[in-house]
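Naming: A, B, ... by sequence-line order, numbering from 1 per chain. Note that the structure is a prediction, hence the values are computed from the model and not measured. In what follows, every heavy atom counts, from backbone to side chain, and hydrogens, waters and symmetry copies are set aside.
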There are 2 protein chains.
Amino acid sequence: MVLAILETGSAHGYSIIESLRRESSGLFDLPEGTVYPALHRLEENGLIKSTREMVEGRERRVYHLIPAGHGSLKESRASWQAFSSAVSRILVVNP
Amino acid sequence: MVLAILETGSAHGYSIIESLRRESSGLFDLPEGTVYPALHRLEENGLIKSTREMVEGRERRVYHLIPAGHGSLKESRASWQAFSSAVSRILVVNP
DNA sequence: ACTCATACTTAGATATACTAGGTATAGGCG
DNA sequence: CGCCTATACCTAGTATATCTAAGTATGAGT
């Protein structure tokens with residue numbers, strides 16, 4: 001989901017948290033202790049890159065999607081479709 | 001998913017693993033070390049009950065869905081619908 | 001000056017999935 | 001009859017992720 005957010009444009013950690021909250025209508029209200037370490041992992045794994053930038057008169061760590069991250073996002077979308085439809089088939093349709 | 005399987009009829013651990021594999025077309029090929037402890041947790045939490053029964057000339061631990069598990073399954077279905085549609089909204093629709 | 005929202009970081013607790021071993025039995029086959 | 005395989009169950013230990021809870025810092029508004 002973080003990669004999907006970044007696909008629509010570079011963003012810093014705090015704004016990613018807000019995007020997830022807003023676009024999920026409040027369902028994904030992720031604490032910072034979840035998102036920041038996740039961003040560090042994504043960067044460590046070479047899927048995103050960060051730069052320190054001045055935004056609105058303030059230093060922020062801005063994350064950018066890089067090609068490997070774009071590819072990973074594409075794979076994640078495919079596996080999410082497979083995963084969620086399998087869960088739905090078992091969980092929802094069964095009775 | 002285990003509760004959903006049990007809703008269609010009581011079953012023992014090994015057959016639950018097979019059901020999940022079959023109904024997911026092989027996607028959920030869960031190892032025993034995942035499913036057996038999960039069954040123990042579900043029983044500990046009062047959602048299922050087990051009895052030792054002779055099935056096809058062999059002792060098996062057969063699990064049954066009990067009322068609390070039925071209620072929990074209903075809740076799980078609702079929260080899965082909310083969760084998966086939120087993920088899809090963010091992950092799939094975004095671009 | 002103070003408070004609040006923004007912004008980032010990380011140590012530790014908790015939970016879960018999986019690995020990798022163990023035990024036991026029924027049935028098929030050479 | 002002995003052996004192998006599939007079935008059936010169990011659990012200790014490892015790896016990983018989420019979250020809690022703490023800390024630091026700054027800009028804006030009162």
> What residue among A:E43, A:H40, A:H64 forms side-chain hydrogen bond (donor to acceptor under 3.5 Å, both in side chains) with A:S50?
Replying inline: A:E43
>> What I want to find out is whether B:R77 reaches B:E7 closely enough, with some N-O distance under 4.0 Å, to be called a salt bridge.
In response: yes
> With respect to the phosphate group of D:dC10, does any side-chain polar atom (N or O) of B:R61 fall under 4.0 Å of OP1 or OP2?
Replying inline: yes
>> Without decimals, in angstroms, what is the distance between A:H12 NE2 and C:dC8 C1'?
In response: 10 Å
>> If you take any heavy atom closer than 4.0 Å to DNA chain C, which residues from residues 33-42 of chain A end up in contact?
In response: A:G33, A:Y36, A:P37, A:H40
>> Is any side-chain heavy atom of B:L65 closer than 4.5 Å to one of B:L47?
In response: no
>> Can you measure B:L30 atom CG to D:dT7 atom C1' for me and round it to whole angstrom units?
In response: 17 Å
> So do the side chains of B:M1 and B:F28 get within less than 4.5 Å of each other, counting heavy atoms only?
Replying inline: yes
> Once you round it to whole Å, what is the distance between P of D:dA17 and CZ of A:F28?
Replying inline: 18 Å
> Would you find a donor on one side and an acceptor on the other, under 3.5 Å apart, between the side chain of A:R61 and the backbone of A:G13?
Replying inline: no
> Within a strict 4.5 Å, meaning less than it, do heavy atoms of the B:I66 and B:I48 side chains meet?
Replying inline: no
Write down the protein N/O and nucleotide N/O pairs, taken from nucleotides 22-27 of chain C, whose separation is under 3.5 Å; answer none if there are no such pairs.
residue, atom, partner, partner atom, Å
C:dT25, O2, B:R58, NH2, 3.3

> For B:Y63 and D:dC9, what is the distance between atoms OH and P respectively, to the nearest whole Å?
Replying inline: 7 Å
> Atom CZ of A:R89 and atom CG of B:L27: how far apart are they, to the nearest 0.5 Å?
Replying inline: 8.5 Å
> Are B:W80 and B:V92 joined in one hydrophobic group, where the rule is that I, L, V, M, F, W and Y side chains link up if heavy atoms are under 4.5 Å apart?
Replying inline: yes
> Can you check the B:L20 CG to C:dC18 C1' distance for me, whole Å?
Replying inline: 16 Å
>> Please confirm whether the shortest side-chain N or O distance from A:Y14 to OP1 or OP2 of C:dT6 is below 4.0 Å.
In response: yes
>> Tell me the interatomic distance from A:D29, atom CG, to D:dT18, atom C1', rounded to whole angstroms.
In response: 14 Å
> For A:R52 and C:dT9, what is the distance between atoms CZ and C1' respectively, to the nearest whole Å?
Replying inline: 11 Å
> How does the hydrophobic cluster around A:M54 look, that is, which other residues are in it when side-chain heavy atoms under 4.5 Å mark a link?
Replying inline: none
> Could you state the CD-P distance from A:E59 to C:dT9, rounded to the nearest angstrom?
Replying inline: 12 Å
